[in-house]
There are 2 protein chains.
Amino acid sequence: MALDHAILVSLLEQPGSGYELSRRFERSIGYFWTATHQQIYRVLKRMESDGWIQVREVSQQARPDKKEYSVAAPGRAALSRWLHEPIEPESVRHDLAVKIRGAAFDDPAALIREVERHRQAHTDRLAHYLAGERRDFTGPGAPAAPDAGQQLQHVVLRGGIAYERMTLDWLDDVLATLRRLGPAR
Amino acid sequence: MALDHAILVSLLEQPGSGYELSRRFERSIGYFWTATHQQIYRVLKRMESDGWIQVREVSQQARPDKKEYSVAAPGRAALSRWLHEPIEPESVRHDLAVKIRGAAFDDPAALIREVERHRQAHTDRLAHYLAGERRDFTGPGAPAAPDAGQQLQHVVLRGGIAYERMTLDWLDDVLATLRRLGPAR
DNA sequence: TCCTTCTATGCAACTCGTTGCATAAACAAG
DNA sequence: CTTGTTTATGCAACGAGTTGCATAGAAGGA
């Protein structure tokens, strides 16, 4: 199970509360791993009772108090162990592909709007990635000599950018195919 | 839940037994949706009791009997309903990206062999896809005028091919980055 | 003052997915 | 004639992930 490890990595990059983690899972970490706040709180609780992470109560003004988590030595060791063991190449779950093949038994043209919606979502995500890349890595305010952590974050982000570009090209191919098939079955 | 719908699509393309479906989920359908045989048998049982699919006992010689499933009218209606409702763009789960960002807190060079292993797996998958494309769509024995179903299967396969090519390029980028960082932390 | 929004944490119930195990028919190899 | 492989189906238990709901502090606006 990799949610544990995704959280450990995120906390090593920057300690934070469950709430902050759930926000990160809507952005940077969320680009390659998703989790809801319930999942995150549950895992944090388990990792804390296992001694993998430490809590610190932080009083805040202008907002409720929070629990700030940081990685303890056993957590770091667990992450290291996981990094050294092989994992299987990911298993895929691609609803849209199921729909496209299913369209053969329905009206292919009815899928066009759905595919266009997905295309828009991927366009937005690509723009978001590119803005992040400029801000953190290629823009004027970016570090001239990035450290290992920054270089690794950048290569992961480049993967996200490549994925979105590939997906946009493919969705154009899908749209062209659906339009060629026309409204009839 | 899309496993139901993936199975319905597969049974519409070709009726078959749970065992045959689980083989298909190791190949064509498995390119964009994974499932174990236990999952498949469980869902088949539920869909049968819901009247979505029909069973036919088939006696075979030289091997055990099987239950051949095919889609009934209510199943087809359920699929059609699903095709017409919008779905969220997929949520991502990419272990390797977690590992790459985690490598900043361990030894980046130790990941090289793991990444090379993944690269090999994707090379194999690409070769497999390309062989399938030649066999079914672009080779000499392929249909000159493919029907809607074949065109849709082909565009999904092209997506798989584009994905593998993009991934191979990215893994090369990852390898170059890891090698540049060197063995030290 | 009430209502909404944002921050912050959590329980309970459920469904989905994985792992381990079990059975059995048919054939092939030793 | 036992052992191993392929085809074929399934149960039980567990772990991961989702959905709905609940609470509460603090700020801002109607």
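Throughout, a chain's letter reflects where its sequence line sits, starting with A, and its residues are numbered from 1.
Residues B:His118 and B:Thr167 fail the side-chain proximity criterion, which asks for heavy atoms closer than 4.5 Å.
In this structure, A:Phe25 places its CZ atom 16 Å from C1' of D:dT18, rounding to the nearest Å. Rounded to a whole Å, the CZ atom of A:Arg63 is 18 Å from the P atom of C:dT5. Rounded to an integer number of Å, the gap from A:Glu26 CD to C:dT7 C1' is 13 Å. One atom, CG of B:Leu3, and another, P of D:dG17, lie 17 Å apart when rounded to the nearest Å. If you measure from atom CD of B:Glu57 to atom P of D:dA8, you get 12 Å, rounded to the nearest angstrom. Rounded to an integer number of Å, the gap from CD of B:Gln60 to C1' of D:dA8 is 9 Å. The interatomic distance linking B:Leu44 (CG) with C:dC16 (P) rounds to 15 Å, in whole Å. The distance from atom CZ of B:Arg56 to atom P of D:dA8 is 14 Å, rounded to the nearest whole Å.
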When you compare the protein's N or O atoms with those of nucleotides 9-16 of chain D, which come within less than 3.5 Å of each other, and at what distance?
{"from": "D:dT9", "atom 1": "OP1", "to": "B:Lys67", "atom 2": "N", "distance (Å)": "2.9"}
{"from": "D:dT9", "atom 1": "OP2", "to": "B:Gly18", "atom 2": "N", "distance (Å)": "3.4"}
{"from": "D:dT9", "atom 1": "OP2", "to": "B:Tyr19", "atom 2": "N", "distance (Å)": "2.8"}
{"from": "D:dT9", "atom 1": "OP2", "to": "B:Tyr41", "atom 2": "OH", "distance (Å)": "3.0"}
{"from": "D:dT9", "atom 1": "O5'", "to": "B:Tyr41", "atom 2": "OH", "distance (Å)": "3.4"}
{"from": "D:dG10", "atom 1": "OP1", "to": "B:Lys67", "atom 2": "NZ", "distance (Å)": "2.6"}
{"from": "D:dG10", "atom 1": "O6", "to": "B:His37", "atom 2": "NE2", "distance (Å)": "3.1"}
{"from": "D:dG10", "atom 1": "O6", "to": "B:Gln38", "atom 2": "NE2", "distance (Å)": "3.2"}

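Distances shown here put a side-chain N or O of A:Arg23 below 4.0 Å from the OP1 or OP2 atom of C:dT7.
Of the possible donor and acceptor atoms, one in the side chain of B:Arg117 sits under 3.5 Å from a partner among the backbone N and O of A:Ile87.
Scored by the ring pair (Phe, Tyr, Trp, His ring centres under 6.0 Å) test, A:His122 finds no partners at all (sequence neighbours excluded).
Other residues, nucleotides and ligands contribute more than 12 heavy atoms inside 6.0 Å of the CD atom of B:Gln60.
Atoms CZ and CG, on B:Arg119 and B:Asp172 in that order, are 4.0 Å from each other to the nearest 0.5 Å. Rounded to the nearest 0.5 angstrom, A:Tyr31 OH and A:Phe25 CZ are separated by 13.0 Å.
Residues A:Thr36 and A:Ala62 each lie close to DNA chain D; by heavy-atom proximity, the contact nearer the 5' end of the strand is made by A:Thr36.
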